[in-house]
2 protein chains.
Amino acid sequence: MSTRTAKSRSPAAPPETAADAIPGTDAGRLTMADLAARAQVSIITVSRALRDSPSVREDTRRRIQDLAREMGYRFNATARNLRLQRSHTIAVVVDMKPTPERPMSGPFPLDLLGGICQELTTAGYNVLLTTGQSQPAAAVHAADGAILLGQGADDTAVRQLLPIGVPLVVWGAPQPGVDPVFVGSDNHQGGALAAARLVETGRRRLVFLGDTRHRENAERLHGFTETLASAGAVLAALVPCDFTFNAGVAAVQGLLADASGGFDGIFACSDAIALGAMRALTEAKLTVPDDVSVIGYDDTPMAAFHTPALTSVHQNWTEGGVRLAQSVLALINGEHPDSVILPTRLVVRAT
Amino acid sequence: MSTRTAKSRSPAAPPETAADAIPGTDAGRLTMADLAARAQVSIITVSRALRDSPSVREDTRRRIQDLAREMGYRFNATARNLRLQRSHTIAVVVDMKPTPERPMSGPFPLDLLGGICQELTTAGYNVLLTTGQSQPAAAVHAADGAILLGQGADDTAVRQLLPIGVPLVVWGAPQPGVDPVFVGSDNHQGGALAAARLVETGRRRLVFLGDTRHRENAERLHGFTETLASAGAVLAALVPCDFTFNAGVAAVQGLLADASGGFDGIFACSDAIALGAMRALTEAKLTVPDDVSVIGYDDTPMAAFHTPALTSVHQNWTEGGVRLAQSVLALINGEHPDSVILPTRLVVRAT
DNA sequence: CCATCGAATGACATCGATAACAACAGTGGC
DNA sequence: GCCACTGTTGTTATCGATGTCATTCGATGG
């Protein structure tokens, strides 16, 4: 037979006994060569049979497939990837701030990850997860493509990843320099929706809470002020703050201390900020929404379950994940997908 | 030189020009053979030099390393993995229920994933993420180890994963059959802490809200009733329910409708249930915590930011992720780590 | 009865990196 | 001056699967 027939794993014991392949026994993984020897065919025939190649006769194919199942054969993806020069793997780089306190509590990467996994695994790709902490390079190098999930105000991560030369898709707001493909939700629209709602309910002096160094927040502010202006309302204050509850508290406390004309509506860049703001308002004996109306962002469970229930801008993360995945796949296929901007919607509740 | 010298990527163009290696240009990835030809040494010397082998002379090593950097050489992990018979990859199987409505919103896998990534990447391992939806098998086969993150009441996932023969660690409550290694937080203690607190604050007729088909919940119930009994309080009711807000509402509504003696304390298996319960109580004109005291589980942001702020049992997920990672690593090294049970703590707030 | 064609199968080289062993130069001891 | 020894580099085989080209066999046609 083949020259490799003799090279069986257990030289002493008879390798033909099916007992060799007790599932769970890791002793010497089976290879196609083992199957080939057993089935009295060549290795390549086994390879073809297992891939359902039409050039293998029906019964031969079935015989080999059955044999593989019986013997507990496990396919070696590494070998195939080497041979085929592709890893069938997409690196997902989660570039979260190393802030210890509530670094990234939102559903952010979770639902996004869900969407990504769903799409990628059904397409036969693996998802390699890395945090930006260490050098993501190592993992990304080996991948067929990469997805960057960051909330960074800066774009250092993008700059690190781009030169690697792997197809890259980034979650967030498209940048002026159009280099990588972006997928994100429509922050401009989100801001506009919030503004429209606040104006509709009769508010005229509005506050924006969020760090506009984040491109996404800058977009929200843009949509927000644009809509305000066209409705004759004014932006009473813009307070840069983190995405946290405490930042929201502090921001509103500062606002109340500084008696610069007052305000009757707040748009916060996260539900946590919004809840913090409401806490500060309540402590100052102001009621929501009678005295001040509040709108949050992200539509997290805590918005829904809070009393009073928080009105919030909802972004469809799962869909976002799916689109991210589709875009990398497209890039890998040599296509040139456009950046995607997903619509947001306002979930109106009590505030 | 070596026989491979002639086998350059671009046969027409002179392959010696460094301009070939513009970073970002993916044209024909460089291999160690290319570096070897360029440096006038053998491939194996390049391999050794790049791995900082002491058997390569200091200056040779540096020369090759510099050359690799200049030419933009990118290491091929697949080839090494094939040769070394290990993938340096751990599969993380997230076996979440496909329930569309808030399938898994808690920080659950996110912080857990964070801990896992942190530990695994610093140990030089990659994290392969798969959802239980499709057959996780494919990815797990290629991995050196696997971590199962599930909330399943059943253990079908474990049963699927175990026979694959890959070192497996599972998040959750240890099972009677001691087969896989478990890492989880001390649910028994969590239940006991909640009971102790409720009893301390003078409650005597208590309600347990949660589906005890989940092993973790069963443990909580066990610790809960045990402590109750020793303090002379009674379990007034046990209502099986999902982890959702709505389930909490429904459970308490049912309880109030059915006038079977009343209750003055509730222990819920998730913060969402607890919040739902409070909503139902409030709607029934009962006040928290004066009429009924409530304790939740998971210490999510929504517990902290709710008014009144919800007392909740906290589990350290990041730590859990780290321990999960450590356990797989230990298994891979042929050690036999014990299951780990992490302590929980009660975060006392207003309710 | 031989040429030809197609279906089925096989031999070989290959992907890129590495372990095991071989070879070779220079050094010191006797 | 010869041998053993160390330090450095090279040769070869190998991991497991697959593309390419070659081969075999039976069937068909002239």
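We name chains A, B, ... by the order of the sequence lines, and we start the count at 1 in each one.
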Sugar-phosphate only, base, or nothing, as touched by A:R83 at under 4.0 Å among non-hydrogen atoms: base
Rounded interatomic separation in angstrom, taking CD1 from A:I43 and P from D:dT18: 11 Å
Value in whole Å for how far the C1' atom of C:dC15 lies from CG of A:N81: 11 Å
Nucleotide nearest B:Q85 (side chain, heavy atoms from C-beta), chosen from D:dT9, D:dC15, D:dG10: D:dC15
Non-neighbouring partners of A:T78 that pass side chain to side chain contact (heavy atoms under 4.5 Å, CB included), sequence neighbours left out: A:N76, B:T78, B:N81, B:L82
A:T45 vs C:dG10: side-chain N/O to OP1/OP2 distance below 4.0 Å: yes
Euclidean distance, atom CG of residue A:L82 to atom P of C:dA13 [Å, nearest integer]: 18 Å
Touch class at under 4.0 angstrom, heavy-atom based, for A:T78 against every strand present: nothing
Among D:dG16, D:dT9, D:dT18, the one nearest B:R57 by side-chain distance: D:dT9
Nucleic acid contacts of residues 48-56 of chain B, taken as heavy-atom distances under 4.0 Å to DNA chain D: B:R48, B:S55, B:V56
A:Y73 side chain near D:dA17 phosphate (N/O to OP1/OP2, under 4.0 Å): yes
Euclidean distance, atom CZ of residue B:F75 to atom C1' of C:dC15 [Å, nearest integer]: 14 Å
Side chain to side chain donor-acceptor pair (under 3.5 Å) contacts in which one or both residues fall within residues 327-339 of chain B, not counting sequence neighbours: none
d(CD1, B:I44; P, C:dA22) in whole Å: 15 Å
Derivation of the salt bridge (Lys or Arg N to Asp or Glu O under 4.0 Å) call for B:D66 and B:R69: CA-CA 5 Å; B:D66 288 347; B:R69 210 170 304 118; 3.2 Å; yes
Candidate nucleotides D:dG16, C:dA8, D:dT18, ranked by approach to the side chain of A:L84 - the nearest: D:dT18
